[in-house]
Amino acid sequence: MTDLSGLIQSDAAADRVVPPAGFTVQLTLFSAGAMAFLAVFALALSLAAGRLAVHWGTELARSSTLRISAHAEQMDTQVAAALRVLETTPGVESARALDTTEQQALLEPWFGPGLPIDMLPVPRLIEILETGAGYDAPGLRLRLQGEVPGAVLDDHTRYRRPLVSAAAHLRVLGWLSILLISGTLAAMVTLAANAALAANSQVIGVLRLVGATDAYIARAFVRRFTLRAITGAAVGMMLGLAGIWLLPEGDTANDLLTGFALTGWHWGLPVLIPPLAGATAFLATRAAAARVLRGLA
Amino acid sequence: MTDLSGLIQSDAAADRVVPPAGFTVQLTLFSAGAMAFLAVFALALSLAAGRLAVHWGTELARSSTLRISAHAEQMDTQVAAALRVLETTPGVESARALDTTEQQALLEPWFGPGLPIDMLPVPRLIEILETGAGYDAPGLRLRLQGEVPGAVLDDHTRYRRPLVSAAAHLRVLGWLSILLISGTLAAMVTLAANAALAANSQVIGVLRLVGATDAYIARAFVRRFTLRAITGAAVGMMLGLAGIWLLPEGDTANDLLTGFALTGWHWGLPVLIPPLAGATAFLATRAAAARVLRGLA
Amino acid sequence: MNPTRGCGTTNRANGVKGRQTVIELENVAYSYGGGELLSDLSIKLAPGSFHFLTGPSGAGKSTFLKLCYAALLPTAGQVRLFGADARTMDRTAVALLRQRVGVVHQDCQFLDHLPLIENVALPLTVAGRNVAHEEANLKDLLQWVGLTNRASALPPELSGGERQRAALARAVIMAPDVVLADEPTGNIDWEMSQRLLQLLIELNRMGKTIMVATHDLSLIRAAKTQVQARVLRIKNRRLQLAGADL
Amino acid sequence: MNPTRGCGTTNRANGVKGRQTVIELENVAYSYGGGELLSDLSIKLAPGSFHFLTGPSGAGKSTFLKLCYAALLPTAGQVRLFGADARTMDRTAVALLRQRVGVVHQDCQFLDHLPLIENVALPLTVAGRNVAHEEANLKDLLQWVGLTNRASALPPELSGGERQRAALARAVIMAPDVVLADEPTGNIDWEMSQRLLQLLIELNRMGKTIMVATHDLSLIRAAKTQVQARVLRIKNRRLQLAGADL
Ligand SMILES: Nc1ncnc2c1ncn2[C@@H]1O[C@H](COP(=O)(O)OP(=O)(O)OP(=O)(O)O)[C@@H](O)[C@H]1O
Ligand SMILES: Nc1ncnc2c1ncn2[C@@H]1O[C@H](COP(=O)(O)OP(=O)(O)OP(=O)(O)O)[C@@H](O)[C@H]1O
Ligand SMILES: [Mg+2]
Ligand SMILES: [Mg+2]
């Protein structure tokens, strides 16, 4: 009965038949605005949490260390054996023994710069980079046990893994709240449209009396509400972006709030909110109008 | 003009003069419900973030390490000197040199269990516990430079500090969203009340015509809206609590989402939401009624 | 049957209020913003008087009545209602005034969610009176205006004439000191309007002050045979006493 | 001046439609849910006929008119409007029907946010006609019903009689084939109702079908001197042709 072309094509005369103002209009504007505002924050939260998860994830989750303790004479053999095992382990992208300088750098905090590393029974370290899918740690441990008895696999991701999962969960929470907010917006707009239609039952009666078709009446209401929702959402979005923009920007990528600002093309995402709000309002009002008009028949 | 006693005291006759149903009523119910639902989650988020911040904070933020490298013969003197310095440093709660076993445990991952620790030029470690306020790290470093040249201050909180601050920020975000949600609720209820009053201008006209005082009319509307807001908020709160209760409970205190569930007396906090929503609705409706009644005079 | 049985038993107008002027306009002018609609009106309505108000459509009859129950305040001059200056009354005072003045609006409005009988009883409800105690009066009154079998209908289910009758019943249920009726018979057939006129005449005989705006000259003629009614006419912004030309 | 100048220039009723019955009721009954309000009504309104409809308040006059413009569907029997069974019309067909039938409701309702002149032009607007082209007609019509100087007023600012006149103007602006008017003179003084009657008579002379529900017998008498008007009366749920007793 009502289509988008009718919505876009301006019909000043038809527009005037619906009372211009009123609290239902303010309600629509306000709910669309408030929901868009919240949606921007939820979006930023989701994106920031996602970035954080990725950041923490790539930083740590994909690297682990194999530590080989052995007598000096066996060391090289064992390292070579371990590298061979790792080469054939699915999920291991690359493996590489750290050289003396690197190990020295790692130990420096503990022993100071002058440590005679080759004099000490310091284990050799092999850095493992995982593929995205990761390797099967218990399986690798079993194989190493047989072939390189002195090897200890240390996926030091254990430490940050809960954080990564927390960030992931936060991201899920963000998306869930976006869903919730969209649902709330749709419900609000539907209720506001219903309230407006009910409040305007006299208008509908008059229009019917003088021969207006349902399509004509519905179009006038739908048009108004869709435009209102878009306007409200646009304002809310802008305020939301301003709010995010005003947040203090931190220097560490680690921080959630200071890393909360949108980055790069992510700034473009909130722009989708007003048209989505408009589409929601369009569908909600059209359904409400169809129902009310059927009811008043 | 309208007081709480009039609200509580039931007046069946006066109640009937306001139309019982309508979309503004559904709007009030729904916005109160949706906002209460969101508020429960925001509250849980805040509380969880707070717990996390405290957890991570107490675990790490208040401890740091002083590492002393020195020739074996000078070691004890330097350790004693360092402890003396620390004793007089404001913000340091306690300082204690780790014994051999503890240091061995710390180094074990690197060198395996059999490390002859007293044979090696391993530095000695002093664990510092800060007071809540913390000490002035650069100042301490300066003093140590003079008195204990081999000392290196390592506040290894650097590592988790961003996480703690992220949790703290998240908590702030949670409280901010509670504020935002309360504001939205107040605005929604005000708008819904205004819409209802405007939609019922005929009712108000009739009541005035037959001699109803403003107080009488306002009371009828305020009562209705306050009860609606309380009902809606109670339902929303219940749904929110159910949602939180349904979230998977994790085993690590570290995880944000699995640690999201309310704990102990925190379960009691959401119960405050409906009365607060009611109070908000009471004030919002009373203001709206006063304004509309003045306007229609 | 006594049509005014339904209108309460107290007879306040003949009581304490004595000979005090009920409604008094002194050099009153009114304008809705454009030019003056009413100019320099002066009139005193004595208690127990019966007035008709006529004049062409748009002359200002409804406006005049609204001045008489403080729905509008004069733009110039003074309106005194039961001795009090309308301009100095606060909104609570106006509300209490309305409990003493029964008004029939030209477009009869009701609470659409309440059945007719509760709408008629509404003045009792908002005055805090116990409606159950007045049920006999209420039923009598509905009987007189011929709405007994529509008592439980909702206002939108009433016919035009039924609404007008219900509005008149609502205006007199409190036995107010003054009844102001704006075209109360516009949609009502001749027989029924005679019946409504009877109700107003009975009230007038009880000492109530009555003012009826109408364009129905035959109604005025019928009334004049039974009570001493004065006919006011609004013409060219002024209030005139209509003469024998009716 | 010709009062119907404002009502368009096409004369459809005398054109293609020829002698087709405009409104036809066959054994129609109607009930709002309780007992039957109207029973076994049968009548044909020929194009160009003029009918009055009378009957006591609550008899069912407004209900009868609503059946004639498909606002209500009969609970029994058949209503044919321009040859089509009202029961088989979908809502778009009803809307298009309303563009050919001008209706004056008993409680005249308008779009309160639009000035009177736009309200009167509303049928043109919703039919997609260019209102600017019809401005001369519109102005003439407002002149005839005496609302020229209220053209830009909003409906809530109108007096009762002004609203009724505006409603009649709105009903005839499209020069509809049929005009159904429910108590169009309930709030209007004698002189003005003569003027409105004149408008309806002119339309009738142009071939339009007119039906006026009224309780104003003097209006009927005045009309009968000028046109061949039939008077229908609803009594005891039936439709009767009123005789010479008027
Ligand atoms: N609120 C308003 N704002 C502006 N003008 C108004 C307002 N109310 C009434 N008027 C105008 O004032 C004039 C007098 O109105 P009023 O309703 O008093 O007339 P009336 O004598 O009762 O007429 P009727 O017999 O048609 O009911 C009319 O022309 C009307 O249009
Ligand atoms: N929607 C409705 N539901 C129930 N009953 C109704 C409804 N509309 C009208 N009625 C009843 O049907 C009867 C006829 O109503 P209608 O409006 O047709 O009367 P009328 O002849 O036009 O009377 P009036 O001269 O008073 O306008 C009345 O008793 C009225 O109360
Ligand atoms: Mg009037
Ligand atoms: Mg009727």
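Order of the sequence lines sets the chain letters (A, B, ...), proteins ahead of strands, with each chain counted from 1.
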- Check the surroundings of atom CD in D:Gln240: do more than 12 heavy atoms from other residues, nucleotides or ligands lie under 6.0 Å from it? yes
- Message: Does C:Glu191 have more than 12 heavy atoms from other residues, nucleotides or ligands lying within 6.0 Å of its CD?
- Response: no
So which part of [X] gets closer than 4.5 Å to some heavy atom of chain D, the side chain, the backbone, both or neither?
{"X": "C:Glu162", "result": "both"}
{"X": "C:Asp107", "result": "neither"}
{"X": "C:Thr185", "result": "backbone"}
{"X": "C:Arg163", "result": "neither"}

Check: Does any non-hydrogen side-chain atom of D:Ser57 lie less than 4.5 Å from one of C:Arg165?
Finding: yes
Taken to the nearest 0.5 Å, the spacing of C:Lys61 NZ from D:Asp189 CG works out to 6.5 Å
Rounding to 0.5 Å, atoms CG (C:Asp216) and CG (D:Asn187) come to a distance of 11.0 Å
